[in-house]
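Below: one structure, written as structure tokens.
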Amino acid sequence: MPELPEVEVVKKSLENNITNLVFKKIMINTSKLRYIINKNDFRGIINKKIISIKRRSKYLLISTEGGLTILAHLGMTGKFFIVKKNKMKIKTSFYYNLESKDDKHNHIIFNLTNNIILIYNDVRKFGFIKILSSSSIENNIHLKTLGPEPLSKKFNSKYFKDYSKNKRKKIKSVLMDQKFVAGLGNIYVNEILYISHIKPNRSINKINNLEIKKIIKNTKKILVKSIKKGGSSIKDFIDSAGKEGSFQQNFYVYAREGKKCLKIDCKTKIKKYFIANRSTFFCKSCQK
DNA sequence: TTCTTTGTTCCGGA
DNA sequence: GTCCGGAACAAAGA
């Protein structure tokens, strides 16, 4: 599941591999992803050079010369593959074999200069790609309501405290609310609350100052660590092209229902239940 | 056939 | 009026 660290890693990979290349031909193999695709919109970026790749929350922004920007969200299963034509060599963050059965989910294929092909692949089709005018980005419906980036200085104790006033929402729901902080998804929020020793169902106005500090510190720490991990696994992968299972992630609680808590000497089994329709994992001994 | 997954929106109850 | 959270929706695979 692509969360902020994965999107950041993809961003860097795109930055390194397709900046300054020019779109030559685009093949669209589906009528819709999350939204209906308007093929005409894509004509505008033909023969346009890619000048920058940015990330905001879990969104990717690929800007071209001439005032158009590609806005992409990977949803649950979206992936970008960068393939060097003729060489069949994988150059991106995720495993890809040109012969693989995933081919049927290659929904958009961008041919670029330098014999580079950029492929948008998405099994579940919960992701999307839109072409926007670069000047409208700030007011874009997906971006304008987003809260601060979790890795920015704006995401600090004061901000957290001010936001919490008179609110009784559960801490887990708040951390997942994109208006509060942009880019945290279910997996990382489960992990952050475990590391911070806080039960996911605590009311936000009952979280004390020390705990707020812990949550913020751990949020930044875990994101930075995961970005570094993603980066290193990409490197390993390019070095040993063709090997599968390059992107392994180890979680403390996520998807570990019934397994023992990983803290030394804690024999409690990880519990699972739902908060706001999202699977929630926690250790009842370690989280208060 | 049913369940799972995420981000977002809608709506009912407190 | 405001706040909270459950339900629903998208698609496809197990």
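In the text below, chain A, chain B and the rest are named by the order of the sequence lines, each starting its count at 1.
The ring-ring contact (aromatic ring centres under 6.0 Å, His included) search around A:Phe42 returns none, not counting sequence neighbours. A:Arg202 meets the salt bridge (charged side-chain N to carboxylate O under 4.0 Å, His left out) test with A:Glu211; sequence neighbours excluded. Remark: A:Asn277 pairs with no residue by the side chain to side chain contact (heavy atoms under 4.5 Å, CB included) rule, at least two apart or across chains. A search for ring-ring contact (aromatic ring centres under 6.0 Å, His included) contacts involving A:Phe126 returns nothing, not counting sequence neighbours. Listed by chain and number, the residues in a side chain to side chain contact (heavy atoms under 4.5 Å, CB included) with A:Lys221 are A:Asn218 (sequence neighbours excluded). A:Tyr35 pairs by the ring-ring contact (aromatic ring centres under 6.0 Å, His included) definition with A:Phe128, A:His142, not counting sequence neighbours.
No continuous path of ILVMFWY side-chain contacts below 4.5 Å connects A:Leu4 to A:Leu61, so the two sit in separate hydrophobic clusters.
Alongside A:Leu210, the hydrophobic cluster contains no other residue (criterion: ILVMFWY side chains under 4.5 Å).
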Output one letter per nucleotide in nucleotides 1-6 of chain C: B when a protein non-hydrogen atom lies under 4.0 Å from the base, S when only the sugar-phosphate is that close, - when neither is.
--SSSS

Polar pairs (N or O, both sides) under 3.5 Å between protein and nucleotides 11-14 of chain B?
none

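For A:Tyr254, whose side chain is taken as the heavy atoms from C-beta onward, the closest listed nucleotide among B:dT6, B:dT8, C:dA11 is B:dT6.
Counting non-hydrogen atoms under 4.0 angstrom, A:Phe128 reaches nothing in the nucleic acid.
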